[in-house]
Amino acid sequence: MSAHKRVAILISGGGSNMVTLVNSMVGDHPARPVVVLSNVPGAGGLAKARDMKIATQVVDHKTFGPDRAAFETALQSALAPHKPDLICLAGFMRVLTQGFVSQWEGRMLNIHPSLLPKYKGLHTHARAIEAGDKVAGCTVHEVTAKLDDGPILGQAQVPILAGDTPEDLAARVLVQEHRIYPAVLRRYAAGDRRPIQYAPKES
Ligand code: GRF
């Protein structure tokens, strides 16, 4: 019986995606969470990880100023003892350089709250509403050096409803993030990169 894939989850905030990923890695799932790491010392997701008995690490990017390489070296050192096979970025709000990404290419996933390739970067929901789009959603992709640009592994769509605020849309999309990310991770950890598409769902 091959050992489980060891998964590190990187967060910056509340960690709702981290919680659903951790909760999904049970039973015959081919992976198990081994560490939750945040660049923000007080991130709410750290307490949730501790409650779930997952090891946590903090690497505060602020202590490295503009030196991204130094931050990423510290990141690698904090991850190493946990021997991760895969990294899941889940609400992780730091851009990673080519140096870090190239060491994890093909072993690092991210969830982005838009239907990539549309709306890379920030404020995705406001931009989709502003553009008059009828559908929005989220994307799980492999991380490459170009921001929000790697091979797409899963997407889930939601309708944009009349009168939606960006907050309304974010809440609707977040429900789908919690569906698609665990589904993709389960396949990806088993070595299956076939993309998953979830049709529009209102809730
Ligand atoms: C989510 O909208 C996710 O798409 C983005 O960060 C937000 C918060 O995620 N990457 P979480 O609740 O911290 O998992």
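When a ligand or atom number is given, it counts from 1 through the structure's own listing order.
The heavy atom nearest to atom 12 (O) of ligand 1, considering only S16, S114, G45, A90, is found in S16.
Neither the backbone nor the side chain of M93 comes within 4.0 Å of ligand 1, counting heavy atoms alone.
Atom NZ of K5 has 12 or fewer heavy atoms from other residues, nucleotides or ligands within 6.0 Å.
In this structure, atom 3 (C) of ligand 1 lies nearest to the protein heavy atom E177 OE1, 3.1 Å. Atom 9 (O) of ligand 1 has N17 ND2, 3.6 Å as its closest protein atom, hydrogens excluded (heavy atom only). Protein heavy atom closest to atom 5 (C) of ligand 1, with residue, atom name and distance, is G91 CA, 4.0 Å.
Between the side chain of Q57 and the main chain of L79, no donor-acceptor pair closer than 3.5 Å is present. Looking at R127, its side chain does come within 3.5 Å of a backbone N or O of K120 through a donor-acceptor pair.
If you check the side chains of D168 and T165, you find a donor sitting under 3.5 Å from an acceptor.
Residue-ligand proximity, P113 to ligand 1, at heavy-atom distances under 4.0 Å covers atoms 4 (O). Atoms of ligand 1 lying under 4.0 Å from any heavy atom of I111, numbered from 1 in the order shown and given with element: 10 (N). For ligand 1, the atoms closer than 4.0 angstrom to any heavy atom of G15 are 11 (P), 12 (O), 13 (O), 14 (O).
The pair D28-R186 counts as a salt bridge, with a side-chain nitrogen and a carboxylate oxygen less than 4.0 angstrom apart.
Proximity of atom 7 (C) of ligand 1 to the protein is not indicated, since no non-hydrogen protein atom lies closer than 4.0 angstrom.
Under a hydrophobic-cluster definition in which Ile, Leu, Val, Met, Phe, Trp and Tyr are linked whenever side-chain heavy atoms come within less than 4.5 Å, directly or via other members, L10 and I180 are assigned to different clusters.
Not counting sequence neighbours, D148 has no partner by the salt bridge (charged side-chain N to carboxylate O under 4.0 Å, His left out) test.
On a distance-only criterion, H112 and ligand 1 share no N/O pair closer than 3.5 Å.
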